[in-house]
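Here is the structure we will look at, set down as structure tokens.
Source: prediction; values computed, not measured. Lettering follows sequence order; numbering is per chain, from 1.
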Amino acid sequence: MARHLITSAIPYINGVKHLGNLVGSQLPADLFARYQRARGHEVLFLCATDEHGTPAELAAAKAGKPVAEYCAEMHAVQARLAEGFRLSFDHFGRSSSPQNHALTQHFAGRLAEAGLIQEVVEQQVYSIRDGRFLPDRYIEGTCPNCGYDKARGDQCENCTKQLDPTDLIDPRSAISGATELEVRDTKHLYLRQSALKDQLDAWIDSKADWPVLTTSIAKKWLHDGEGLRDRGITRDLDWGIPVRKGDADWPGMEGKVFYVWFDAPIEYIACAGEWAEAQGLDAAAWERWWRTDKGADDVRYTQFMGKDNVPFHTLSFPTTLIGSGEPWKMVDHLKSFNYLNYDGGQFSTSQGRGIFMDQALELLPADYWRWWLLSHAPEKSDSEFTWENFQSAVNKDLADVLGNFISRITKFCRSKFGEAVPAGGQYGAAEAATIAEVEERVARYAELMDTMEVRKSAQELRAIWVCGNEYLQAVAPWSTFKTEPQQAAAQTRLGLNLAHLFAVLSAPFLPDASRTILQSLKIDTAAWPDDPSEFLSRLEAGHAFDVPDVLFAKVSDDDCAAWKAQFSGRRAD
RNA sequence: GGCGUUAUAGCUCAGUUGGUUAGAGCGAACGACUCAUAAUCGUUAGGUCGGUGGUUCAAGUCCACCUAACGCCA
């Protein structure tokens, strides 16, 4: 039995995530976790909300709530939606947890001891009325280049010119509109990533089996221009993890917090601590997943994320772990995804464009979305959601191929033999041929799932379902029954066994449908078919079953048109 | 401006280290079947593999340049 540590990039706390966010990390991570569990391996699957930073503060202010209260509420909302999509996290944590506070401060202390932290005094705009420093993009003013009056301190989005806040004419706070701004000195900490450049480079080079997308992004950051740059890891904010050196104060850094990108990946580890606490386990329980000196030697660690997160996971977070000088478990495989587009443009949280997780579940159950999203996962390049494509995939793959197979075999059996696996006859040449093909395909399916080839796995799974329809069509038990009922019984028996097989194989993609089929077949274990040939004889004569309700309803043209219209504009908050 | 990714049948995509007539699903046409959610199964049609040039006995598959889309960085 292998041990799999699996993490999904942690979604930002600010609002409900859209389907593009979902398919880029949480959903494929869940597919992999469910598959590895089904194969009998020990799995710890973790995710959390990323809660710190200015956007969270502003969203809380807009909602008229204290930021801690806002985050707690939004965490509950995201947790509920994750459950709705059947994301099987062992723990859904929070980057604001006490565990993450302690661990983040611990890492900062270790890095400082190792000489990997540099203190830098820089100048930043301070808003007197707001009583706070303003990040560049929260300063607005008139662009000196084009005259656009809502240019931001980092860039003018009208003429795209890069700006410094001090370039702006009539600068004002984007938060309050206040114009009483001044430039003040402020001290910040920088993580000296550049000091570990060669080590990181060699480490990335050793990962020959990572997706090109992952390594090419990491390589670009390592070698582009002047090479890997040091990054600021602190901010002048109230909401966040206070800057401390382990348990000790950090002179000169009072009132400052760590920058969100520094503490967010550390939450992967802290989350294991939260999990242990929630399970009533001791520290050793989570350390055996994360410390190679405490049992994590045989752990295989896989991370899932969208391409925008790759630099932090290939460079910054590894710098934190390596730089600590402690034996932390490093990632073994990093599966990254491109973006999912929506009907000719990008999904956008800020513009409310596309379909969001809560809206999706109001329209259809999780399995429908899981199937489309995973079978169209943007692995090789960006991919695109269209309603027509979605409708076709749901109707053909789920309703016609899988759903109808379950329906036709159970109903045929009920009408000819009753609601129990029929006795009589035996498997012959046609059965052997089908079993042989299924055996081959199951092996390929497992191989694709092992290597996280998401789209190809979906294709192979569908091909396995088709084997069921092909078989029934070829042997035609409805005809056989008229002349050789014994043989028809054997054919029906294999058909029902195929239904059992499909349920087990489909569980990682379609957990609800899988359960429904197993319940109808009155099977309470879901062991993996290590030997499909043996597996297809498990349902023996006399085993009772129920005919299930329709597994997947079709999406009508009217539904499709209505939804397309409903989602053509912006999401109303 | 620099870098990266992508460009294959009407649509969504596969195409290993270059090697016989470029594949799948959907859609289309035709046929078979009638157990089933008017479902299923089969057959056929459809592509000068973005463009130009090059390397090679041989290129969708390597090289150069060009074009387009998207992204990242500055």
Side-chain angles (χ1 to χ4, degrees), chain A residues 20 154-155 160-164 208 211-229 306-312 336-341 344-347 371-372 375-417 434 444 447-448 451 453-463 465-482 488 491-492 495-496 499 547-556:
Chain A
D154 54 347
Q155 183 177 36
T160 74
K161 185 176 172 58
Q162 299 291 316
L163 301 171
D164 269 331
V212 183
L213 182 66
T214 303
T215 50
S216 69
I217 291 174
K219 284 294 191 181
K220 194 198 65 148
W221 281 59
L222 278 165
H223 300 295
D224 203 33
E226 305 137 46
L228 187 59
R229 300 187 171 198
K307 59 183 169 185
D308 51 328
N309 266 313
V310 169
F312 298 114
S336 58
F337 290 86
N338 287 287
Y339 292 140
L340 178 66
N341 291 322
Q346 291 188 8
F347 272 88
W371 176 253
W372 189 87
S375 61
H376 293 77
E379 290 176 293
K380 191 184 165 191
S381 62
D382 290 356
S383 63
E384 172 149 329
F385 178 93
T386 64
W387 286 101
E388 292 78 6
N389 196 314
F390 176 70
Q391 178 191 26
S392 154
V394 166
N395 291 355
K396 294 303 298 183
D397 300 346
L398 297 183
D400 293 348
V401 177
L402 176 61
N404 182 52
F405 174 78
I406 302 300
S407 179
R408 69 193 292 203
I409 188 61
T410 51
K411 285 181 181 169
F412 176 77
C413 184
R414 179 175 63 185
S415 71
K416 304 298 185 203
F417 301 102
T434 293
R444 200 174 314 143
E447 202 178 303
L448 292 168
T451 51
E453 294 281 356
V454 178
R455 294 175 88 123
K456 289 181 183 173
S457 297
Q459 260 177 35
E460 196 58 49
L461 179 58
R462 190 195 126 99
W465 299 337
V466 168
C467 289
N469 284 315
E470 277 173 355
Y471 171 70
L472 289 187
Q473 206 64 34
V475 300
W478 47 90
S479 300
T480 319
F481 183 76
K482 295 171 191 162
Q491 292 166 345
T492 304
L496 290 167
V547 171
D549 293 333
V550 166
L551 275 181
F552 298 101
K554 292 199 184 192
V555 173
S556 70

**Study point:** Stem list, RNA chain B (Watson-Crick or G-U pairing under 3.5 Å, at least 3 consecutive pairs)
**Key:** B:1-7 with B:67-73, B:10-13 with B:23-26, B:28-32 with B:40-44, B:50-54 with B:62-66
Point to revise | Contacting residues from residues 394-403 of chain A, given that a heavy atom lies under 4.0 angstrom of RNA chain B | key: A/Lys396, A/Ala399, A/Asp400, A/Gly403
Review point. Any idea which of B/rC26, B/rC35, B/rA39 is nearest the A/Ser392 side chain?
Key: B/rC26
Practice item. Scan residues 470-479 of chain A against RNA chain B and write down, sorted by residue number, each residue with any heavy atom closer than 4.0 Å; if none is found, say none. Key: A/Glu470, A/Gln473, A/Trp478
Review point. Does a donor on one side chain and an acceptor on the other come within less than 3.5 Å for A/Gln459 and A/Ser375?
Key: no
Review point. When we call it a touch if two heavy atoms are under 4.0 Å apart, what does A/Phe552 touch: a base, just sugar-phosphate, or nothing?
Key: base
**Study point:** For A/Glu388, all residues meeting salt bridge (charged side-chain N to carboxylate O under 4.0 Å, His left out), sequence neighbours excluded
**Key:** A/Lys564
Check your understanding: Using atom P of each nucleotide, how far apart are B/rC26 and B/rC66 to the nearest Å?
Key -> 41 Å
Exercise for review: Identify, with sequence neighbours excluded, every residue that meets ring-ring contact (aromatic ring centres under 6.0 Å, His included) alongside A/Tyr471.
Suggested key: none
Check your understanding: Does A/Lys411 make a side-chain N or O approach to OP1 or OP2 of B/rA39 shorter than 4.0 Å?
Key -> no
Check your understanding: Is there a side-chain polar atom (N or O) of A/Arg408 under 4.0 Å from OP1 or OP2 of B/rC41?
Key -> no
Study note, to complete from the structure: Residue pairs meeting salt bridge (Lys or Arg N to Asp or Glu O under 4.0 Å), one or both in residues 397-406 of chain A, sequence neighbours left out, come to A/Lys396-A/Asp400, A/Asp397-A/Arg462, A/Asp400-A/Lys554
